[in-house]
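The structure under discussion appears below in the form of structure tokens.
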Amino acid sequence: MDSKRFDRASRKVRVVTRIRGFAGPEANSEPAASRTVEWVSVNRENLEDVTISFGDQSSSRYSVDYCYKEDEDNELIYSREVKPLVSAAFDGHNSTVIAHGARGSGKTHAIQGSAERPGLAVLAIAEFLSVAEKNGKNIAVSFYEVDHQERAMDLLNPEKPPILVFEDHGRIQFKGLTQVLVKSIAEFQNLYSSACFALKGAPKKGGCEHVHRSHMGLIVHVFSQNGSLVSKVNFVDLAGYEDARKKSGDGSYLAEINKINKSIYALLNVCHALSTNESRVAYRESKITRMLQDSLRGTSKILLVSCLNPSFCQDTIYMVSLASRSCHWIHRAFLDSTKRNASSAKQMVNSHKNQIPKSVSGTAKKLHVSSKLLDKKVVVAKKSAIKGRKLFDEASHSVTKAEKEIAVAQVTQASKSLLDNSLLETGSDVVLNSGMEKKTGNHVVLNSGMEKKTRNHVVLNSGMEKKTRNHVVLNSGVEKDDSFSKARENVKLDLMVQNDDSSFNANIEVELNPLADQGISVDEEDHQKEHTPYASNYSEVLAKIVQEDHSINKENNNSRAIRDDSLAINSPPISSQLQDLSNSLKMLYSSTPSCMQIPKTEPIPLDIVEPKTPTIEQNMSINRWDAMNAKSPWETFSMRGSGMKSSLVQEYLRFLNTANKEELKKLKGIGEKRATFILELREESPEPFKSLDDLKDIGLSAKQVKGIMKKEVGELFS
Ligand SMILES: Nc1ncnc2c1ncn2[C@@H]1O[C@H](COP(=O)(O)OP(=O)(O)OP(=O)(O)O)[C@@H](O)[C@H]1O
């Protein structure tokens, strides 16, 4: 029955923890009686509901599917967890086994093992070979490494250039990755040893004292007799997670840790997105997720083996908390326990405050602009840089008062920018929208975060009622949701612009909900009531903001400096996220050509539902917008210049998204291979290039893109 556990649960992601036994000096230094791991408690309420807790935080429980104790060996884990995946591979199902955890938690021991205690991969190969022999199939293996620079190297041929990863007819293909047919366990062991030597034995660059960290992957390919691929099973030994803020060392070492951490987050976030059936899964956020893409999605199964250190390790708790989100009941169990035990959790957090990763940021941003009356335009702006970590409960607890103040300041900056824009728009012929809010407003929604339930929203309604109204709501944190509403960190801002015979008044409300910080949970309804006290502070906050405009920048700079100091580059505080939102809004405005004119059709019939494309004025004569705002000919000239630059970039991207292969090849920097790859990307997503950043996907660096753009522009004048 156990061997059927994936089938029984029909679950895509299974999360098991494995407590490492004491090893070497640890074992010798401890008296025999205290060699049992005491800081991890396993609570089995029933077969399907296992939770673990750490130290004396017995009520802060993390849900997992199963926890293997220190005396349970790899063979047991193999037979219960991995063997079913091997059988499924012969039926064409891909799967991925991922060992992750803090440093030294036993990941390599779990995947590779030792001569005396073979790991999961080695045990699996024995089974693969035996079944393949019976079924007339062939088994080949590949080993690769993904380093902190997101380079994938072939470990069986380490001198080769980095592996190229691309998708072909729904399958992830690797160019430059060696596959070796194996017929015996001894052959496999030899290959494994040479791969490990390539990984660890090679001399390190620049005489660095530290060992470069990387993820190691093994792909087992199952081929049919005619040579076609039946399936792939991946074993991934992730680099150990460690919080860079705890470490000392040179900047490059700490930056390396952060980069590695980002890819760990990316993979765990993908697992989480798959476990909750999210519509968008961010495979492209890291090399490792991209490489594993076709062994994660679809009918593939994922086994997350979360390795636990035998003695106190804050990084271990953090890793478990991330992995356990992929358990289907996790939200309820984890958040309930967090809620119940906010105070006790705080004690633990306080004692290790500096070690706990701070605030988080989203991995992708979607920008939707919709207008039901006149125009419907949807823009999805993807931020390609990996933001790494997502908003989740632990993070919202760590937002400090200072960060909130900065957040308020930045929200206000964002709102001011919107206010400016709206003033400009309403003062000119350019009207993005008019009518009643909700039904007729422009809605700008920025989602920052990977979880459906964890998002930042910005809603902008620009109406032309008697009162011209802009409504901006910035929610940073968790929306109404059964499980997450308890961990809410909201920054709301209502910005109203009244148009009374051409004079404008601005009323701004700033509401901060401090409940997450206090660990107080409220219903949505209660929340409405309880957060109002903060609204009374808004005028004070605003006054402060207006007076201290320059100090906002200073504060921001300081906060950046603090972040840089600690090298917590994975975890921008909420202020930074809000700055991103503000920038995105500015970008949204600037991406709307200033010469866009929407025909006046007053009164606007409310039954118009069909979106119309706004007419773009082709000539670049100065319009009222510019005339009103340009203070000098130079400003007008600069404005025009940046407008043209942005139009050119948009055109370039549109070209990449639509041109055929021959046309693509006419562009500088695009040859046969790139053109083919672009077409492949377009098969996957109809509009793969939304910003210049997306050109990284076809191997062009920002510098190269700039060079290409310069050349293209130069050509126009030649
Ligand atoms: N289940 C276990 N029982 C006893 N010793 C173990 C066990 N797992 C790992 N060890 C020992 O603990 C040490 C660290 O294990 P391992 O190298 O597998 O950790 P890791 O998580 O892969 O480390 P890193 O983060 O550096 O990659 C090794 O000496 C290993 O032999």
Side-chain angles (χ1 to χ4, degrees), residues 16-30 32 34-40 42 66-82 97-123 143-148 155 192-193 195-201 204 208-218 235-244 246-247 249 253 256-261 263-264 267-268 288 304-320 322-323:
V16 299
T17 47
R18 200 274 172 90
I19 305 171
R20 200 200 86 188
F22 287 103
E26 289 166 342
N28 299 334
S29 65
E30 298 285 340
S34 55
R35 269 181 223 153
T36 46
V37 176
E38 283 170 354
W39 87 294
V40 185
V42 183
Y66 196 81
C67 179
Y68 291 91
K69 297 277 198 81
E70 62 274 23
D71 54 356
E72 294 178 307
D73 57 15
N74 286 339
E75 274 88 355
L76 180 70
I77 305 176
Y78 169 76
S79 64
R80 293 168 57 127
E81 309 290 346
V82 184
V97 178
I98 302 164
H100 76 109
R103 290 208 75 176
S105 56
K107 299 175 293 294
T108 307
H109 181 87
I111 296 289
Q112 186 184 353
S114 59
E116 306 79 46
R117 298 153 87 184
L120 301 177
V122 182
L123 294 166
F143 292 89
Y144 63 87
E145 169 196 22
V146 178
D147 68 12
H148 65 283
L155 290 175
Y192 213 153
S193 305
C196 290
F197 179 78
L199 183 77
K200 294 184 178 147
K204 300 299 170 192
C208 291
E209 278 174 19
H210 70 269
V211 175
H212 289 283
R213 298 159 69 226
S214 53
H215 312 302
M216 184 181 184
L218 154 68
F235 292 86
V236 185
D237 177 2
L238 282 181
Y241 170 82
E242 60 185 334
D243 187 346
K246 288 187 299 186
K247 304 295 293 182
Y253 177 46
E256 179 181 320
I257 294 179
N258 277 305
K259 284 178 181 163
I260 285 287
N261 289 349
S263 56
I264 298 172
L267 183 52
L268 293 177
I288 191 90
L304 276 178
V305 183
S306 205
C307 299
L308 314 183
N309 298 66
S311 35
F312 176 83
C313 176
Q314 186 65 49
D315 293 339
T316 285
I317 301 177
Y318 180 56
M319 280 290 99
V320 170
L322 286 187

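In listed order, ligands and their atoms are each counted from 1.
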ask   = With a 4.0 Å cut-off on heavy atoms, does Gly104 reach ligand 1?
value = yes
Is Asn261 reaching over with its side chain to a backbone N or O of Asp243, donor-acceptor style, under 3.5 angstrom? no
Self-check item: Backbone or side-chain N or O of Thr108 under 3.5 Å from ligand 1 N or O
Solution: yes
task = Would you kindly say whether Glu81 and Tyr68 are connected by a side-chain donor-acceptor distance under 3.5 Å?
result = yes
Contact region, His215 to ligand 1, non-hydrogen atoms below 4.0 Å, reads neither
Open item on the list: I'd like to know if the side chain of Arg20 reaches the main chain of Gly104, judged simply by a donor and an acceptor atom lying under 3.5 Å from each other, with no hydrogens or angles considered.
Closed with: yes
Checklist line | Test item, Cys307 contacting ligand 1 (heavy atom, 4.0 angstrom) | finding: no
The ring pair (Phe, Tyr, Trp, His ring centres under 6.0 Å) partners of His148 (sequence neighbours excluded) come to His212
Under 4.0 Å from one or more heavy atoms of Gly21, ligand 1 contributes atoms 1 (N), 2 (C), 3 (N), 4 (C), 5 (N)
> Does Gln112 come within less than 4.0 angstrom of ligand 1, counting non-hydrogen atoms of the residue?
Replying inline: no
For Leu218 and Ala121 the tightest heavy-atom approach is CD2-CB, 3.6 Å
Note: ligand 1 atoms sitting under 4.0 Å from heavy atoms of Arg20 are 2 (C), 6 (C), 7 (C), 8 (N), 9 (C), 10 (N), 12 (O)
Can you list, pair by pair, the side-chain donor-acceptor contacts under 3.5 Å of residues 107-115, counting residues two or more places apart and other chains?
residue : atom : partner : partner atom : Å
Lys107  : NZ   : Ala102  : O            : 2.7
Thr108  : OG1  : Asp237  : OD2          : 2.8
Ser114  : OG   : Arg117  : N            : 3.1

